[in-house]
There are 2 protein chains.
Amino acid sequence: MRNKPRPVGEQVSDLTAGRLSVYLRCLTSLEAAGVKTTSSKALAAAFHLNAAQIRKDLAYFGEFGVRGVGYYVSELKAHLRAILGLDRPVRVGILGAGNLGLALADYQGFQEEGFVIVGLFDTAPAKIGGKSRNGVRISDLAEFKRLAAAGEVDIAAVAVPGDAAQSVVDLIVAGGVRAILNFSRGAVRVPAGVKLKNVDLTVSLESLSFFLARGEASGPIR
Amino acid sequence: MRNKPRPVGEQVSDLTAGRLSVYLRCLTSLEAAGVKTTSSKALAAAFHLNAAQIRKDLAYFGEFGVRGVGYYVSELKAHLRAILGLDRPVRVGILGAGNLGLALADYQGFQEEGFVIVGLFDTAPAKIGGKSRNGVRISDLAEFKRLAAAGEVDIAAVAVPGDAAQSVVDLIVAGGVRAILNFSRGAVRVPAGVKLKNVDLTVSLESLSFFLARGEASGPIR
DNA sequence: TTTTGTGAACTAGTTCACAGCT
DNA sequence: AGCTGTGAACTAGTTCACAAAA
């Protein structure tokens, strides 16, 4: 099970990164089901993926498989967690304590995968000092600045009104946080060296509306 | 401004559909700023897109531009709204009245674009009869079935726990709804003829974690 | 002249198919 | 025999570059 040296300088696509996360979930569910070993073919069949693509995605990070056998579920799972940086706590700060921010703070999926919500941050005095249903405290944006500057935030999630988005993002970047998950509407700019991922709910709904309007439908699972 | 016959049978990619929605937002903001006319080059420069791609995406649906001039902002905006099916109300039902479902029901962006939230639907008796902060009523899932069967729901948004997702999706499909926005974790299957769009919050966070772990960062705005 | 609309060229991403291990 | 890892082939998506129109 020797791993070949990784092509460390090379750029991995966003699509590959997303799939790694999907593979991890598949493995978690297989492990929970008591499955010890699997193969790219079995994974592909069970989760509607392409076997060659799974192999290629994984092979990119090392030789995790055993020819003639396949992959050991918990071993591969551990590798994936390490590759995804989930082998240590990943600390997430949420900016904007509106409905969406509060929902994100209490979202079960994040806790399950080992993300740590460091807090909710807002500027509205009425919100500061409050808590989400599950008890995530709402603090002043200044407190976020302090945490970020102290290197205590790995990822910032932005759930503020569209017109505040760019200034909040600038503040995050100034604080030295290098990964941003943006739920706000409208394009936001980040300097090189900061990874930005946009989740635009309106765009998602509008694409669906588009396909309805076209009379088209059907498509692959992801 | 004669439009050529549209290639009606042809499949439009998800990426194109998403971009149309982005273009619409750009135009809305230009219109609000009082800009009467624009060009693919100007749009590209202002919103960090590629001019040729904008032209190609638009040209796919007709000849909306004027050579030597560009595009008339409000005219193109109206065309885009029609193409996206937003020229009539699009009715959205939200399944799952948890934190996320409630946040979606009250999400400003949807109202602004003309989506109509027909209701929140859940199975928990404690939730049924309640309302979201903004007053969206929570009804029994049976009521969703009735509305769907009556053709009163265009898009279903799924925000239920992962293990309930597939059964809820099956119910939606059985009700004849042909577009689903899925926020639940885990792969969900739909038959051909139903358009499914997954928004997986965990996958989004994990990709960011991955890029952090790799020490890579930077990337284009969308 | 300016800017569209679009074929051609290019780039990225996926799938095939098989050599090489176990 | 069975399955991985991977070059080659293919497919999809983007960008270039220019003829045609206003």
Side-chain angles (χ1 to χ4, degrees), chain A residues 1-7 10-20 22-23 27 35-73 75-76 79-80 207 216 219-222, chain B residues 1-7 10-20 22-23 27 35-73 75-76 79-80 83 207 219-222:
Chain A
M1 188 65 31
R2 165 205 47 84
N3 293 351
K4 84 184 116 179
R6 300 175 190 186
E10 239 174 291
Q11 186 80 11
V12 181
S13 94
D14 238 338
L15 282 67
T16 303
R19 284 195 302 265
L20 293 175
V22 171
Y23 302 155
L27 290 166
V35 177
K36 296 292 177 211
T37 172
T38 188
S39 68
S40 61
K41 203 176 149 194
L43 275 169
F47 300 98
H48 318 290
L49 306 160
N50 179 285
Q53 183 156 71
I54 296 174
R55 292 200 297 277
K56 216 157 217 180
D57 285 340
L58 296 177
Y60 194 85
F61 300 95
E63 301 203 354
F64 303 128
V66 182
R67 290 170 196 231
V69 177
Y71 303 90
Y72 294 104
V73 172
E75 187 188 299
L76 182 56
H79 275 300
L80 278 175
S207 332
E216 284 173 29
I221 303 305
R222 44 170 305 118
Chain B
M1 189 65 30
R2 165 205 47 84
N3 292 351
K4 83 184 117 178
R6 299 176 191 186
E10 239 175 290
Q11 187 78 13
V12 180
S13 95
D14 238 338
L15 282 68
T16 304
R19 282 195 303 264
L20 293 175
V22 171
Y23 302 154
L27 291 166
V35 177
K36 295 293 176 210
T37 171
T38 188
S39 69
S40 61
K41 203 176 152 195
L43 275 168
F47 300 98
H48 318 290
L49 306 161
N50 178 285
Q53 182 156 73
I54 297 174
R55 292 200 298 275
K56 217 158 215 180
D57 285 339
L58 295 177
Y60 194 84
F61 300 94
E63 301 203 353
F64 303 128
V66 181
R67 290 171 196 230
V69 177
Y71 302 92
Y72 294 103
V73 172
E75 187 188 299
L76 182 56
H79 276 299
L80 277 175
I83 292 166
S207 331
I221 304 304
R222 48 167 302 121

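Convention: sequence-line order gives letters A, B, ...; per-chain numbering from 1. Any value given below was found using the heavy atoms of this structure, including those in side chains, with hydrogens, waters and symmetry copies removed.
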Visitor: Take the protein atom CD1 of A/I54 and the nucleotide atom P of D/dT6, then report the distance between them rounded to whole Å.
Guide: 16 Å
Visitor: Between D/dG5 atom P and A/E63 atom CD, what is the distance in whole Å?
Guide: 5 Å
Visitor: Quickly work out the B/K41 NZ to D/dC18 C1' distance and round it to whole Å.
Guide: 15 Å
Visitor: Whole Å only: how far is the CZ atom of B/F64 from the C1' atom of C/dG5?
Guide: 13 Å
Visitor: From B/D57 CG over to B/I83 CD1, what is the distance, rounded to the nearest 0.5 angstrom?
Guide: 10.0 Å
Visitor: Atom CG of B/L58 to atom P of C/dT6: distance rounded to whole Å?
Guide: 12 Å
Visitor: Under a 4.5 Å cut-off applied to non-hydrogen side-chain atoms, are B/L80 and B/F64 in contact?
Guide: no
Visitor: Once side chain to side chain donor-acceptor pair (under 3.5 Å) is applied, do any residues pair with B/T37, and if so which ones, sequence neighbours excluded?
Guide: none
Visitor: First locate atom OH of B/Y71, then atom CG of B/L58, and finally report the distance between them rounded to the nearest 0.5 Å.
Guide: 5.0 Å
Visitor: What does nucleotides 9-18 of chain C look like as a protein-contact string, B for base, S for sugar-phosphate only, - for none, at under 4.0 angstrom between heavy atoms?
Guide: ----SSBBB-
Visitor: Check whether any side-chain heavy atom of B/Y23 sits under 4.5 Å from a side-chain heavy atom of B/I54, and report yes or no.
Guide: yes
Visitor: Just so I know, are the side chains of A/V12 and A/Y60 near enough to count as touching, which here means a heavy-atom distance under 4.5 Å?
Guide: yes
Visitor: Mind checking the NE2-CG spacing from B/H48 to B/L43? Nearest 0.5 Å is all I need.
Guide: 12.0 Å
Visitor: I need the A/R55 CZ to A/S39 OG distance, nearest 0.5 Å.
Guide: 9.0 Å
Visitor: Quick one: is A/Y60 getting a side-chain N or O under 4.0 Å of the D/dT4 phosphate, OP1 or OP2?
Guide: no
Visitor: Taking atom P of C/dT2 as reference, at what distance in whole Å does atom CG of B/L43 sit?
Guide: 19 Å
Visitor: Please list each protein N or O that sits under 3.5 Å from an N or O in nucleotides 19-21 of chain C, with the distance.
Guide:
residue	atom	partner	partner atom	Å
C/dG20	N3	A/R67	NH1	3.3

Visitor: Rounded to the Å, how far apart are A/Y72 OH and D/dC3 P?
Guide: 12 Å
Visitor: Rounded to whole Å, please give me the gap between CZ in B/F61 and P in C/dT6.
Guide: 13 Å
Visitor: Going from CD on A/Q53 to OG1 on A/T16, what distance comes out if it is rounded to the nearest 0.5 angstrom?
Guide: 7.0 Å
